[in-house]
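Everything below concerns the one structure shown next.
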Amino acid sequence: MDKIRKLLAKNKITLMITDTGSEGFYVPKLRTMFVNQDLSEEKQKRVILHETKHAIDHSDYAALYQSVAQHVKMESEANNFMIDYLIEESGGHFDYTTVVEEFKLGLGWECNLR
């Protein structure tokens, strides 16, 4: 988590682990990410990584979330960022089947990561 906290600090993103009504979300105007305190540490890490992508690359496009196609695209990008980070963190070693099942991905998903 130290590497993730450094990434957040570098991008001036405040992290709040608190009681939320969802797994987590990012508020661009506050530059603050809120993550549910009731999630396991591993799940919190995944949510933080997902929301980090939104914070870094999607903050200026919040209005586009009203478009279903753009919303799906940004959510996919955030999920890909999270998965790519976790794979890199494990030295590039992963079980393809487990990743596809756990994250409910289609075959060929890794072609879209790069």
Side-chain angles (χ1 to χ4, degrees):
M1 275 296 264
D2 286 340
K3 186 177 173 185
I4 295 170
R5 289 190 189 279
K6 287 179 184 176
L7 177 63
L8 295 175
K10 176 184 171 190
N11 288 283
K12 299 179 178 134
I13 300 166
T14 302
L15 173 63
M16 301 291 295
I17 306 293
T18 188
D19 185 16
T20 65
S22 65
E23 289 184 349
F25 55 93
Y26 177 69
V27 180
K29 288 183 180 180
L30 301 176
R31 296 203 55 80
T32 302
M33 180 185 306
F34 296 89
V35 177
N36 194 315
Q37 66 188 9
D38 296 329
L39 300 175
S40 69
E41 188 174 325
E42 182 62 28
K43 185 62 178 172
Q44 284 181 358
K45 179 179 179 179
R46 292 176 182 184
V47 171
I48 291 166
L49 289 167
H50 175 97
E51 295 303 325
T52 297
K53 178 66 173 180
H54 289 313
I56 293 171
D57 291 339
H58 300 153
S59 291
D60 294 336
Y61 305 106
L64 294 178
Y65 264 65
Q66 303 306 314
S67 163
V68 174
Q70 290 301 317
H71 183 92
V72 169
K73 180 181 185 294
M74 287 187 264
E75 288 300 317
S76 177
E77 288 174 356
N79 285 334
N80 287 345
F81 176 83
M82 180 257 307
I83 293 167
D84 197 28
Y85 185 98
L86 295 172
I87 290 171
E88 180 182 319
E89 183 178 68
S90 70
H93 303 286
F94 66 97
D95 176 344
Y96 187 90
T97 303
T98 302
V99 172
V100 168
E101 290 175 359
E102 185 169 346
F103 296 106
K104 298 172 182 64
L105 304 169
L107 296 175
W109 63 270
E110 76 284 2
C111 298
N112 296 321
L113 289 177
R114 303 282 185 265

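Just so it is clear, the structure is predicted and the values come from calculations on it, not from any experiment.
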- Enter the distance from Ile83:CD1 to Glu88:CD here, rounded to the nearest 0.5 Å. 14.0 Å
- Taking a hydrophobic cluster as the set of Ile, Leu, Val, Met, Phe, Trp and Tyr residues connected by side-chain heavy atoms closer than 4.5 Å, whether directly or through intermediates, do Met82 and Met1 fall within one such cluster? yes
- Item | Close side-chain approach of Phe25 to His54, heavy-atom, < 4.5 Å | no
- Task: Run through the side-chain heavy atoms of Ile, Leu, Val, Met, Phe, Trp and Tyr, join any pair under 4.5 Å, and report what else lands in Val72's cluster.
- Result: Val68
May I have the list of side-chain donor-acceptor pairs in residues 26-35 shorter than 3.5 Å, sequence neighbours left out?
residue : atom : partner : partner atom : Å
Arg31   : NE   : Lys12   : O            : 3.2
Arg31   : NH2  : Asn11   : O            : 2.3
Thr32   : OG1  : Leu30   : O            : 2.8

- Item | Side chain proximity check, Leu15 to Ile48, heavy atoms < 4.5 angstrom | yes
- Message: Rounded at 0.5 Å granularity, tell me how far CD1 in Ile13 sits from CG in Leu7.
- Response: 6.5 Å
- Step by step, would you call Glu89 with Lys45 a side-chain contact (heavy atoms from CB on, under 4.5 Å)? CA-CA 12 Å; Glu89 183 178 68; Lys45 179 179 179 179; 2.4 Å; yes
- Could Lys53 and Glu75 be called an ion pair, given the rule that one side-chain N must be under 4.0 Å from one carboxylate O? no
- Message: Quick one, Phe81 and Asp57 - any side-chain contact, counting heavy atoms below 4.5 Å?
- Response: no
- Message: Whether the His50 and Glu23 side chains hold a donor-acceptor pair (N or O, under 3.5 Å, no angle test) is what I'd like checked.
- Response: no
- Item | With Gln70 via side chain to side chain donor-acceptor pair (under 3.5 Å) - residues at least two apart | none
- Message: For Glu77, give me all partners under side chain to side chain donor-acceptor pair (under 3.5 Å), at least two apart in sequence or on another chain.
- Response: His58, Lys73
- Please list, chain by chain and in numerical order, all residues satisfying salt bridge (charged side-chain N to carboxylate O under 4.0 Å, His left out) with Asp38, sequence neighbours excluded. none
- Are Arg46 and Glu42 close enough, and set up right, to give a salt bridge (charged side-chain N to carboxylate O under 4.0 Å, His left out), and what steps lead you there? CA-CA 6 Å; Arg46 292 176 182 184; Glu42 182 62 28; 3.5 Å; yes
- Who are the side chain to side chain contact (heavy atoms under 4.5 Å, CB included) partners of Lys10, not counting sequence neighbours? none
